[in-house]
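To start, the structure itself, in structure tokens.
We number each residue from 1, following the sequence as shown. Counting starts at 1 for both ligands and their atoms, in listed order.
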Amino acid sequence: MATDGFGRRIDYLRISVTDRCNLRCVYCMPSEGVEWKQHDEILSLEEIERFAAVAVEEGISKIRLTGGEPLVRKGIIEHVRRLRALTGIEAIAITTNGTLLPRYAADLVDAGLTRVNISLDTLDPDEYARITRGGRLEDVLAGIDAAFEAGMDPVKINVVVVRSLSQDLGGFLRMTLERPVHVRFIEYMPVGGAEESDSACESAPVEGWTAADHVPSEEVLALLAEEARGAGLGELRPVLREAAPGGWGPARYYRVDDAPGTLGIITPLSHHFCGECNRLRLTADGKLRACLFSDEEIDVRSVLRSGGPEDVRRTIRDALESKPEGHNQRVGTVRRMSQIGG
Ligand code: SAM
Ligand code: SF4
């Protein structure tokens, strides 16, 4: 079992398999796009698998694939199958914008991946096209259907709440009445856009992120509760941990009576949960990050290319040792979210 310098158990690895994406969400990528990494700067799938094999020996039992958009990476299905086959792996999950799930959901399940988080910030087609700079809402909705049809479980939807976007959160509440979907509202985070900054949220607007756009989850909950009452659905009730959809992160769940789905909130800023942090992140270009909000990285790529498993093991132990106790509301990171994987 791996523990870090503060006694936290680390069993969850998020792997960004690509920095590329078929969308350009306004809060994640600049309109001109980002300069893609060169082919040889990106870890090969075989290199990722070698890293994962050592990480599993060090106590990692859960892996989430992310990006960029993980489903645009060539060979992703067989990659899932090989990761799933590692002894000690309990589950593989994916975070995706969902647009390619109609094509891949059944193959992913066949390869051993059933846990899916689909990012969707609005149910309005025009606003969706605006937020994603050209995406089609119908593609994601078809992706959600495909996930259910393929038997994925749990199917979660991630909604990043941003004040200046038009999001009609009540529409997501109604989704939970129809099927066992778990919609999680995530606070907008100050990631990306900074060369170097250690200042507090309130005082340092970062390109693409301003404190004014941050909506505390308590406000989201109050709004959902009002929607539920207004629609005659009664009160939002907390879902006990045992009954909540199994997760690897710190979401808190609620539901209205008799709804098959749930509503969750994730509060990285207003109640940060660093004390329970259980994860490491591997970027597509092979840097190991111990904290989303810290730009301290360990170069795994060169170790994978010139060293053996014991050298790789050292990088993991170093990352565990260097994992900070908390993020202290730091604003801005040098990398953007699409380059870290969320
Ligand atoms: N392309 C995939 C997707 O969109 O799900 C995976 C990568 S994306 C970077 C992972 C998640 O990060 C998405 O749910 C996205 O909405 C979220 N995200 C991006 N920028 C964010 C920010 N500044 N604050 C909070 N979440 C953010
Ligand atoms: Fe692409 Fe996901 Fe970033 Fe949107 S949030 S631009 S889908 S990586």
Q. Strictly by modelled atom types, are S302 and D299 linked by a side-chain donor-acceptor pair under 3.5 Å?
A. yes

Q. Would you say T18 and V72 make side-chain contact, with heavy atoms under 4.5 Å?
A. yes

Q. Does the distance from a Lys or Arg side-chain N to an Asp or Glu carboxylate O, for E138 and R136, drop under 4.0 Å?
A. yes

Q.
What I want to check is whether the side chains of N158 and S119 have a donor and an acceptor closer together than 3.5 Å.
A. no

Q.
Could you tell me, atom by atom, which parts of ligand 1 come under 4.0 Å of a heavy atom of Y188?
A. 22 (C), 23 (N), 24 (N)

(Q) With respect to T66, determine whether any N or O atom, backbone or side chain, lies less than 3.5 Å from an N or O atom of ligand 1. (A) no

Q. Contact residues of ligand 2 with a heavy-atom cut-off of under 4.0 Å?
A. C21, L23, R24, C25, C28, G68, N97

Q: Ignoring angles and geometry beyond distance, decide whether D121 reaches within less than 3.5 Å of ligand 1 through its nitrogen or oxygen atoms.
A: no

Q. Based purely on interatomic distance, does N117 place a nitrogen or oxygen under 3.5 Å from a nitrogen or oxygen of ligand 1?
A. no

(Q) Tell me the contacting part of V160 for ligand 1: side chain, backbone, both, or neither, using a 4.0 Å heavy-atom threshold, strictly below. (A) side chain

Q: Answer yes or no: does an N/O atom from S119 fall short of 3.5 Å to an N/O atom of ligand 1?
A: yes

Q. Would you say the side chains of N22 and T99 form a donor-acceptor pair under 3.5 Å?
A. yes

(Q) Show the nearest heavy-atom pair for residues Y12 and I60, with the distance to one decimal. (A) N-CD1, 3.5 Å

**Q.** Of the listed options C21, G67, C25, G68, closest to atom 1 (N) of ligand 1 (non-hydrogen atoms)
**A.** G68

Q. Should the proximity of I118 to ligand 1, defined as any heavy atom under 4.0 Å, be assigned to the side chain, the backbone, both, or neither?
A. neither

**Q.** Charged tip of R64 within 45° of W248 ring normal and under 6.0 Å
**A.** yes

Q. Looking only at heavy atoms, what is the nearest atom pair of I266 and S217, with distance?
A. O-OG, 3.6 Å

Q.
Under 3.5 Å, is there a donor on one side chain and an acceptor on the other for R163 and Y188?
A. no

Q | Minimum-distance pair of heavy atoms, taken over all atoms of R301 and D285 | A | NH1-O, 3.5 Å

